[in-house]
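Accompanying notes for the structure given below.
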Number of protein chains: 2
Amino acid sequence: MAKDHPLKKTTKGGAAAGLRGRIWIDGKEGTFLGYGRAILLERIREHGSITKAAKSMEMSYRHAWQLVDSMNRQCSRPLVESATGGKGGGGARLTEAGEKALMLFWEFYADLQEFLTREEKVFGDTLAGITAQTGGRG
Amino acid sequence: MAKDHPLKKTTKGGAAAGLRGRIWIDGKEGTFLGYGRAILLERIREHGSITKAAKSMEMSYRHAWQLVDSMNRQCSRPLVESATGGKGGGGARLTEAGEKALMLFWEFYADLQEFLTREEKVFGDTLAGITAQTGGRG
DNA sequence: ATGCGTAATATACAACAGGGAATAACGAAA
DNA sequence: TTTCGTTATTCCCTGTTGTATATTACGCAT
């Protein structure tokens with residue numbers, strides 16, 4: 001559960017070297033949407049609550065709330081709408097703008113994966129020659 | 001001097017939203033080469049010394065040395081060769097492997113910039129609609 | 001042998017991000 | 001009115017990261 005995020009730089013097994021990349025959508029205050037925030041939004045949609053969403057990804061409520069707040073502050077229409085009190089104590093839901101932002105990010109993200117795969121093919125050999133130069137001709 | 005690195009997430013002026021990306025070459029221990037390390041290597045080549053390279057980019061010698069050490073530990077042929085003592089007290093120089101790695105990284109980096117520009121064109125409108133939804137119909 | 005400027009290394013210190021816990025506000029339902 | 005679970009907010013603690021500083025090793029030049 002959220003243990004081998006693409007964000008963690010493990011490279012535990014397999015090839016010695018590889019290419020890694022990360023993307024963000026920037027807003028007025030800096031990061032607007034990145035991988036972690038995108039996952040958080042999905043969990044909010046799934047659980048209908050910031051608390052549960054945070055727990056589901058082993059994140060503190062404090063941090064989750066700060067991220068949601070940061071995202072909402074950076075666009076005219078909030079990505080997440082929340083209600084305090086009421087049935088179940090309240091909750092949070094993804095708005096239409098949230099859905100759109102999420103969709104855009106995942107497309108961007110998919111393009112990055114494609115990009116990285118392409119680059120791996122281009123640089124793979126040269127890369128191997130640098131990190132594990134066994135038979136090279138200096 | 002090294003004040004508005006591409007790494008800093010400033011977005012101080014201009015457009016409200018934009019796409020940002022970052023890349024790394026991974027090795028056995030995690031990050032092998034990234035933007036900061038690449039700059040460091042270039043400064044070492046330029047100054048012939050880790051000390052001066054570090055100073056030139058407002059980085060502590062300790063940190064610079066750790067980065068160099070990390071890079072050298074992750075490839076068979078070290079990227080940086082250093083000598084202690086001697087004329088000028090010693091120094092450090094970029095090896096052939098270092099030059100190759102640097103060249104590879106900058107190509108990778110240039111491809112990323114191209115990728116980001118392309119993505120900006122694709123998502124620009126949708127993005128503006130999310131962060132500054134003025135005339136939307138929702 | 002001494003001086004010099006660097007590499008290499010250890011220790012202490014500061015800054016910052018994030019976690020944990022505590023608390024108040026809230027509003028539907030019982 | 002009381003209960004309940006969540007949002008919203010605050011304070012403190014901790015781990016990590018990097019800076020600052022001090023010390024030693026080194027080897028050429030004088």
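Per chain, numbering begins at 1; letters A, B, ... match sequence-line order.
Remark: side-chain polar atoms of B:E29 are not paired, donor with acceptor, to backbone N or O of B:Q74 under 3.5 angstrom. Judged by distance alone, with hydrogens and angles left aside, the side-chain atoms of B:T95 form a donor-acceptor pair with the main-chain N or O of B:L79 at under 3.5 Å. The backbone N or O of B:L19 sits nowhere less than 3.5 Å from a side-chain atom of A:D26 that would complete a donor-acceptor pair.
Remark: A:E42 engages A:W106 in a side chain to side chain donor-acceptor pair (under 3.5 Å) (not counting sequence neighbours). Evaluation of the side chain to side chain donor-acceptor pair (under 3.5 Å) rule for A:E114 yields no partner, not counting sequence neighbours. Residues meeting the side-chain contact (heavy atoms from CB on, under 4.5 Å) test with A:A53, sequence neighbours left out: A:L40, A:R43, A:I44. For B:D69, the side chain to side chain donor-acceptor pair (under 3.5 Å) partners are B:R73, not counting sequence neighbours. Among residues two or more places apart in sequence or in another chain, the salt bridge (charged side-chain N to carboxylate O under 4.0 Å, His left out) test is passed with B:E81 by B:R93. Legend: residues meeting side chain to side chain donor-acceptor pair (under 3.5 Å) with A:R45, ordered by chain and number and at least two apart, are A:E99. Judged as a ring-ring contact (aromatic ring centres under 6.0 Å, His included), and not counting sequence neighbours, the contacts of A:F115 are B:F115.
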Kindly list each side-chain donor-acceptor pair under 3.5 angstrom involving residues 59-68 of chain B, sequence neighbours excluded, with atom names and distances?
unit_1 : atom_1 : unit_2 : atom_2 : d
B:S60  : OG     : B:H63  : N      : 3.2

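Of the residues in residues 85-94 of chain A, those placing a heavy atom less than 4.0 Å from an atom of DNA chain C are A:G85, A:G86, A:K87, in numerical order.
Taking the nucleotide of DNA chain C with the nearest heavy atom to each of B:D69 and B:K52, the more 5' of the two is matched to B:K52.
Separating the CH2 atom of B:W65 from the C1' atom of D:dG18 is a distance of 15 Å, rounded to the nearest angstrom. B:K55 has its NZ atom 14 Å from the P atom of D:dT19, to the nearest Å.
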Original post:
How is the base pairing of DNA chain D summarised as a dot-bracket string, given the Watson-Crick and G-U wobble criteria with both distances under 3.5 Å, [ ] for crossing and | for another strand?
Top reply: ||||||||||||||||||||||||||||||
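Within a 6.0 Å sphere centred on CD of B:E46, other residues, nucleotides and ligands contribute more than 12 heavy atoms.
Phosphate proximity of D:dG5 to A:T51: absent, as no side-chain N or O sits under 4.0 Å from OP1 or OP2.
Along DNA chain C, read 5' to 3', the first and last nucleotides having any atom under 4.0 Å from a heavy atom of chain A are C:dG18 to C:dA28.
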Using a cutoff of under 3.5 Å, can you pull out all pairs of nitrogen or oxygen atoms linking the protein to nucleotides 10-17 of chain D, with atom names and distances?
unit_1 : atom_1 : unit_2 : atom_2 : d
D:dC11 : N4     : A:R62  : NE     : 3.4

**OP:** Mind running side chain to side chain donor-acceptor pair (under 3.5 Å) on B:R37 and B:S70 for me, showing each step along the way?
**Re:** CA-CA 10 Å; B:R37 293 173 185 227; B:S70 164; 3.0 Å; yes
